[in-house]
Amino acid sequence: VQCLSGRIRVVLADLRPDQRTYGEWQGLELSAGRRQQLYIPEGIAFGLQTLTNDVEVGYMNSEFHAPDAVGGIRYDDPAFGIVWPLPVKDVLPRDLRWPLFRRDAD
């Protein structure tokens, strides 16, 4: 993921049950001026929030897009408690329908 213009906040949530960071999240800011790229491994969910009006984002996938294989978590899922820097105003209808996250019983 790379911010080509403007600034974005990227939030990552670990959905890999075999990792010690399972169920945790982290956020960071990307901007066009810093010219950074972020690698997101398989099993990490990510979302972003635009921080400026002139945002362009580029990203690459390791596989061809398969709409039936897409999954996600809600931006406001209490299991994560993600803190967004700005009020959340626009969310894709698809993203509002994701079920709440459940940790499997150990």
Side-chain angles (χ1 to χ4, degrees):
V1 174
Q2 181 178 16
C3 185
L4 303 171
S5 68
R7 291 181 14 241
I8 59 173
R9 174 76 167 178
V10 179
V11 171
L12 309 164
D14 193 343
L15 305 181
R16 304 168 300 172
D18 59 333
Q19 299 297 312
R20 67 175 178 75
T21 53
Y22 176 62
E24 295 179 11
W25 70 275
Q26 182 176 11
L28 55 111
E29 186 177 311
L30 295 178
S31 69
R34 284 191 249 157
R35 302 173 58 112
Q36 297 169 308
Q37 293 182 341
L38 177 64
Y39 172 75
I40 303 170
E42 189 172 333
I44 302 291
F46 88 96
L48 61 91
Q49 184 176 53
T50 60
L51 302 176
T52 59
N53 292 327
D54 61 340
V55 169
E56 262 186 84
V57 176
Y59 63 93
M60 294 175 21
N61 292 320
S62 59
E63 299 288 336
F64 287 107
H65 180 62
D68 293 340
V70 173
I73 61 171
R74 289 180 51 101
Y75 76 94
D76 60 351
D77 193 320
F80 293 97
I82 295 170
V83 177
W84 297 95
L86 300 172
V88 176
K89 295 181 182 178
D90 296 311
V91 179
L92 292 173
R94 172 198 75 188
D95 293 341
L96 292 172
R97 291 190 295 266
W98 295 125
L100 294 178
F101 181 75
R102 280 189 50 205
R103 290 178 192 247
D104 293 332
D106 293 329

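These values consider heavy atoms only, across backbone and side chains, with no hydrogens, waters or symmetry-generated copies. Just so we're clear, the structure is a prediction, and the values are computed from it rather than from any experiment. If you read the sequence from its start, that first residue is 1, and numbering goes on from there.
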In the structure I gave you, are the side-chain heavy atoms of Val70 and Arg94 within less than 4.5 Å of one another anywhere? yes
Is a side-chain N or O of Arg9 found less than 3.5 angstrom from the main chain of Leu48, in a donor-acceptor match? no
Would you say Asp90 has more than 12 foreign heavy atoms packed within less than 6.0 Å of its CG? no
For residues Phe80 and Val88: do they belong to one hydrophobic cluster (side chain heavy atoms under 4.5 Å, members Ile, Leu, Val, Met, Phe, Trp, Tyr)? yes
Find out whether Asp14 and Gln26 are in side-chain contact, i.e. whether some heavy atom of one side chain is under 4.5 Å from a heavy atom of the other. no
Mind checking the SG-CD spacing from Cys3 to Gln36? Nearest 0.5 Å is all I need. 10.0 Å
Do Asn61 and Glu63 have side-chain heavy atoms sitting under 4.5 Å apart? no
Closest approach of Ser5 to Ala32 (non-hydrogen atoms, all atoms of both residues): CA-CB, 3.4 Å
If you draw a 6.0 Å radius around CD in Gln19, do more than 12 non-hydrogen atoms from other residues or ligands fall strictly inside? yes
Just verifying a value: how many Å separate Leu15 CG and Glu24 CD, rounded to the nearest 0.5 Å? 12.0 Å
Can you label the angle between the Tyr59 ring and the Phe46 ring as parallel, tilted or perpendicular, going by 30° and 60°? perpendicular
Could you tell me whether Asp76 and Arg74 have a side-chain N and a carboxylate O separated by less than 4.0 Å? yes
Give a yes or no on whether the backbone of Leu86 and the side-chain of Gln49 come within a donor-acceptor separation of less than 3.5 Å. yes
In the single-linkage hydrophobic clustering (I, L, V, M, F, W, Y; side-chain heavy atoms under 4.5 Å), do Ile82 and Phe101 co-cluster? yes
Look at the side-chain heavy atoms of Ile, Leu, Val, Met, Phe, Trp and Tyr, link any pair under 4.5 Å apart, and say whether Ile40 and Leu28 land in one connected group. yes
If you group Ile, Leu, Val, Met, Phe, Trp and Tyr by side-chain heavy-atom gaps below 4.5 Å, do Leu100 and Tyr75 land in one group? no
Is there a path of hydrophobic side-chain contacts, each under 4.5 Å between heavy atoms of I, L, V, M, F, W or Y residues, that connects Leu12 with Ile73? no
Does Trp98 use its side chain to pair, donor to acceptor, with the backbone of Asp77 at less than 3.5 Å? no
Any chance you could measure Gln2, atom CD, to Arg34, atom CZ, to the nearest 0.5 Å? 12.5 Å
Locate the shortest heavy-atom distance separating Arg7 from Val55; write the atom from each residue and the value. O-CG2, 3.5 Å
Approximate separation, where rounding is to 0.5 Å, of Glu56 CD and Thr50 OG1: 13.0 Å
